[in-house]
Amino acid sequence: MVRRLKRAFTNVGTIIDIVQKTARGIDYRTLNTYILRINELQDINGILYEVSMCLKSILNSELFGFAIKDGPVLDVWIDPRVYKGHFIEIIQKDFDCQNIDNFHYFDNHHSMEYRTSDIAADNVLSYKVMDKEYAARLYILPRRKMLSHHNEIISIIIETMRIVLDNYMSRKKLENAAAIDALTNCYNRRAMDSFLDHHVAIAHRYGSDLSVIMFDIDHFKQINDTFGHQAGDAVLRDIPRIILPSIRKSDYIARYGGEEFVLVLPNTKFYFAVELAERLRVKLQNHAVAFGNQLIGITSSFGVASLRKEYDKHQLLKEADTMLYKAKHAGRNKVMPDLELCAEDFAALRKIMSRNDLTRLITFLSMSLDFEGAREES
């Protein structure tokens, strides 16, 4: 009887060993397939999607999460999104950060497979991927029992991610450097052209609004001649610092050339672009640039244009440039077209619109005239 039991236990042990070796072989073949895909990719969304699918295939993971903090910016990927609320608490604790700048989701087939929305933080496995110039962590909640070789597999995945993401972040820095004007630290003309191509295409496709503001520093040559070119550089460096607090994160400021700048304003109606230009004009007029022991007063002229159905990027910029020329011709330190002209246009509408149409327009404007609220990002 004892011999039979020993043989039975030996046979069971052999079977378990065979099963584990078979599972190990299958898992490593799966891993190799995904590692090859990951190494071929350069897009971070594609990289993380393949990692999530790899962990799903090997560990039947219920939750995949990834967070990367580059300077002050924290980006988070999560799948499925039903766990977002609980995952935020884990991220905030791990990164000692209350604000998450961007959430990303995967639209893959298992995003809504699990219906529960409550997870225990202690059950979520967390792994440090990077901790150099930027910090990154990987999160998984496996449904499959973790075997001894699974820790090896996760280590291989993390090392692969570390190499691929390090290359990605290096490329990203180079791309950002190529898109940034070295003097003013705002976007350069090349980057602005790319943004405009993108937003013009979106506006035409979905019928959304798009406006641009072109402005430059009045009598900039006189500033250089009077105070020197270093003072002129100080003035140019101050421009984005003055402008940025008054625009949304979705807006772009670019140095168009010399002392000329362009603001790209997605989802912004013409009237609100004119109103913004006027506020910026006043803000610049009231600002004095400190240079050494001197304060340099500046004024600027603005041209505003909005995209029309028949416009492309070049026609949009040409109209803004024409308006800027008119502002210069009208005496500088002006916005063209100005708010008074917009008011005259509204008065003209009263003569041709019915009472009901006018009532609806007034109601719309009364809800929208708080510019900051009307243009706030959702």
Side-chain angles (χ1 to χ4, degrees), residues 24 27-28 30-106 108 110 118-174 176:
R24 178 187 175 94
D27 287 344
Y28 270 96
T30 302
L31 174 66
N32 289 337
T33 300
Y34 279 102
I35 291 295
L36 287 174
R37 294 180 191 173
I38 291 167
N39 281 317
E40 291 173 351
L41 294 171
Q42 295 186 350
D43 172 62
I44 190 168
N45 291 304
I47 292 167
L48 294 178
Y49 174 76
E50 293 298 337
V51 172
S52 73
M53 293 304 293
C54 179
L55 293 170
K56 172 68 177 176
S57 299
I58 295 173
L59 295 174
N60 196 17
S61 54
E62 184 173 349
L63 163 71
F64 169 83
F66 182 78
I68 185 165
K69 192 171 188 293
D70 184 11
V73 179
L74 180 59
D75 280 87
V76 173
W77 286 257
I78 183 170
D79 184 49
R81 69 178 67 200
V82 69
Y83 290 140
K84 175 181 175 181
H86 300 280
F87 193 49
I88 287 176
E89 298 176 7
I90 298 173
I91 294 292
Q92 289 174 336
K93 181 179 179 181
D94 286 350
F95 287 84
D96 191 24
C97 180
Q98 293 300 310
N99 297 321
I100 297 175
D101 297 279
N102 301 300
F103 266 103
H104 311 270
Y105 309 99
F106 299 131
N108 54 35
H110 65 278
D118 192 17
I119 59 173
D122 293 340
N123 294 332
V124 177
L125 303 180
S126 173
Y127 302 90
K128 185 184 293 182
V129 179
M130 293 178 175
D131 192 16
K132 298 192 296 184
E133 298 176 17
Y134 34 82
R137 297 190 75 92
L138 170 69
Y139 301 87
I140 55 173
L141 181 59
R143 299 185 79 200
R144 182 177 169 185
K145 182 182 178 181
M146 292 280 288
L147 302 176
S148 58
H149 69 276
H150 286 148
N151 288 325
E152 298 173 6
I153 285 177
I154 291 174
S155 295
I156 293 171
I157 291 173
I158 290 173
E159 184 59 30
T160 302
M161 290 181 69
R162 184 177 292 121
I163 295 170
V164 173
L165 288 171
D166 197 38
N167 290 336
Y168 167 80
M169 297 301 288
S170 296
R171 286 194 307 273
K172 182 180 176 184
K173 284 189 175 183
L174 289 174
N176 286 345

Distance check, rounded to the nearest 0.5 Å: [X] atom [atom1] versus [Y] atom [atom2]?
X      : Y      : atom1 : atom2 : value
Lys84  : Ile78  : NZ    : CD1   : 8.5 Å
Lys56  : Glu62  : NZ    : CD    : 8.5 Å
Ile100 : Ile91  : CD1   : CD1   : 6.0 Å
Phe87  : Asp79  : CZ    : CG    : 11.0 Å
Ile163 : Met130 : CD1   : CE    : 9.5 Å
Asp75  : Asp70  : CG    : CG    : 8.5 Å

Looking only at heavy atoms, what is the nearest atom pair of [X] and [Y], with distance?
X      : Y      : value
Ser52  : Ser61  : O-OG, 4.3 Å
Leu63  : Pro80  : CA-CD, 4.4 Å
Met146 : Asn151 : CE-OD1, 3.6 Å
Phe95  : Ala135 : CE2-O, 3.8 Å
Asn123 : Leu141 : O-CD1, 3.1 Å
Ile58  : Arg144 : O-NH1, 2.5 Å

Side chains of [X] and [Y] in contact at under 4.5 Å (non-hydrogen atoms):
X      : Y      : answer
Leu41  : Tyr168 : no
Phe103 : Ile88  : yes
Arg24  : Leu147 : no
Ile90  : Ser126 : no
Met169 : Ile68  : yes
Asn32  : Leu36  : no

| Plane angle bin for His149 and Tyr28 - parallel if under 30°, tilted between 30 and 60°, otherwise perpendicular | tilted
| task | Check whether more than 12 heavy atoms from other residues, nucleotides or ligands sit under 6.0 Å from atom CG of Asn102, and answer yes or no. | result | yes
| task | Kindly indicate, with the supporting measurements, whether the criterion side-chain contact (heavy atoms from CB on, under 4.5 Å) is fulfilled by Tyr34 and Thr160. | result | CA-CA 11 Å; Tyr34 279 102; Thr160 302; over 6 Å; no
| query | Knowing that exactly one of Leu125, Ile154, Ile153 qualifies, which makes a side-chain contact (heavy atoms from CB on, under 4.5 Å) with Leu59? | reply | Ile154
| field | Test item: Asn39 side-chain N/O and Ile35 main-chain N/O as donor-acceptor pair under 3.5 Å | value |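 Indeed, once roles are kept as given, a pair shorter than 3.5 Å links the two residues.
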| request: List the steps and the verdict of side-chain contact (heavy atoms from CB on, under 4.5 Å) for Tyr127 and Ile140. | output: CA-CA 9 Å; Tyr127 302 90; Ile140 55 173; 4.1 Å; yes
| said: Apply side-chain contact (heavy atoms from CB on, under 4.5 Å) to residues Met161 and Leu48 and explain how you reach the verdict. | reply: CA-CA 9 Å; Met161 290 181 69; Leu48 294 178; 3.7 Å; yes
| request: Kindly indicate, with the supporting measurements, whether the criterion side-chain contact (heavy atoms from CB on, under 4.5 Å) is fulfilled by Leu165 and Phe66. | output: CA-CA 12 Å; Leu165 288 171; Phe66 182 78; 3.4 Å; yes
| query | How would you list, by chain and number, every residue that makes a side chain to side chain donor-acceptor pair (under 3.5 Å) with Asp43, sequence neighbours excluded? | reply |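 With neighbours one apart ignored, the set is empty.
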